[in-house]
Amino acid sequence: MATTEKPTEGQAVRERLISGPGMLLVWLYGVMVVGAVSRSAVQISTEFGHAPLAYSLSAVAGVVYGFITYSLVRGGETARRAALACCAGELVGVLVVGTWTLVEPSAFPDSTVWSDYGVGYLFIPVLLPLSAMYWLRKARAPQEEPQEEVG
């Protein structure tokens, strides 16, 4: 028989981040983990010398996606803040690499997950962090109001 204990003062309640639209985010990030990690693993193991920067960036993207997925599943305010920071970093990476691939295509003899803002992945790499940051800001734990002591 499971018991439900109320947290004592100082204990944090781990809020679920994967309810409602959060489940879709976990699923999409999970798909991106598999796509980015498997793509980079094959490319790094078979033809790393051809485009080391592109393949390394795809591996980094896979790690970032994995961390965000883990944070969303873990839940809690600390995980929410970590995922939010990581999503912001992901968005910066997508914008920098996306712009870099358009301005200096010769730097990338092969594409990355974030090339051309994620065109090879239906622009999901640029849309996903925006959606996740919106969701994570909305999922913020409600701030407790200080209670007045009656005396």
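- Counting only heavy atoms from C-beta outward, the side chains of I68 and L128 never approach each other to under 4.5 Å.
- In this structure the side chain of P125 reaches within 4.5 angstrom of the side chain of M32, judged on heavy atoms.
- In the hydrophobic cluster analysis, where Ile, Leu, Val, Met, Phe, Trp and Tyr join through side-chain heavy atoms closer than 4.5 angstrom, L57 is grouped together with F123.
- Checking V60, T112, V92 one by one against V97, the side-chain contact (heavy atoms from CB on, under 4.5 Å) holds for a single residue, T112.
- When side chains are defined from C-beta on, S38 does not count as touching Q43, because their heavy atoms never get closer than 4.5 Å.
- Formation of a donor-acceptor pair under 3.5 Å by the T101 side chain with backbone atoms of D116 is found in this model.
- With contacts defined as side-chain heavy-atom distances shorter than 4.5 Å, the pair Y29/P129 qualifies.
- Once rounded to the nearest 0.5 Å, the distance linking CG of L24 with OG of S131 reads 8.5 Å.
- Side-chain heavy atoms closer than 4.5 Å link hydrophobic residues (I, L, V, M, F, W, Y) into clusters, and following such links, even through other members, never connects W114 to V34.
- Linking Ile, Leu, Val, Met, Phe, Trp and Tyr residues whenever their side-chain heavy atoms come within less than 4.5 Å places V126 and V119 in a single cluster.
- A pairwise comparison of heavy atoms in C86 and F67 identifies SG-CD2, 3.6 Å as the closest pair.
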request  = Start with the C-alpha distance between F48 and S40, add both sets of side-chain angles, then the distance that settles side chain to side chain contact (heavy atoms under 4.5 Å, CB included), and finish with yes or no.
outcome  = CA-CA 9 Å; F48 186 72; S40 64; over 6 Å; no
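- For the residue pair R74/T69, the side-chain donor-acceptor check at 3.5 Å is not satisfied.
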inquiry  = Quick one, F108 with W100, criterion ring-ring contact (aromatic ring centres under 6.0 Å, His included). Give me CA distance, side-chain angles, the key distance, then yes/no.
reply    = CA-CA 9 Å; F108 295 89; W100 191 0; 5.0 Å; yes
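- Contact record, L136 with R80: O-NH1, 3.0 Å, taken as the closest heavy-atom pair.
- The hydrophobic clustering, which links ILVMFWY residues whose side-chain heavy atoms are closer than 4.5 Å, places Y70 and M133 apart.
- Nearest heavy-atom pair across G49 and P52 is O-CD, 3.8 Å.
- One distance of note links CG of L127 with OH of Y121; it measures 15.0 Å at 0.5 Å rounding.
- The two residues V37 and G62 have their closest heavy-atom pair at CG2-CA, 3.8 Å.
- To the nearest 0.5 Å, atoms CZ (R81) and CD (E77) are separated by 4.5 Å.
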inquiry  = Y65 vs E90, test: side chain to side chain contact (heavy atoms under 4.5 Å, CB included). Steps then yes/no.
reply    = CA-CA 8 Å; Y65 295 145; E90 173 196 359; 2.9 Å; yes
key: Verdict with supporting geometry, L130 and L91, side chain to side chain contact (heavy atoms under 4.5 Å, CB included)   = CA-CA 7 Å; L130 292 170; L91 181 60; 3.6 Å; yes
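- Heavy atoms only, all atoms of each residue included: S71 and A79 are closest at O-CB, 3.4 Å.
- Closest approach of V113 and S58 over heavy atoms only: N-OG, 3.2 Å.
- In the hydrophobic clustering of ILVMFWY residues, with side-chain heavy atoms under 4.5 Å counting as a link, V63 and L84 come out apart.
- Looking at heavy atoms from C-beta onward, Y55 lies in side-chain contact with E47 at the 4.5 angstrom threshold.
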message = Run the side chain to side chain donor-acceptor pair (under 3.5 Å) test on Y117 and T99 for me, step by step, so that the C-alpha distance in whole Å, both residues' side-chain angles and the decisive distance to 0.1 Å come before the verdict.
response = CA-CA 7 Å; Y117 308 107; T99 303; 2.6 Å; yes
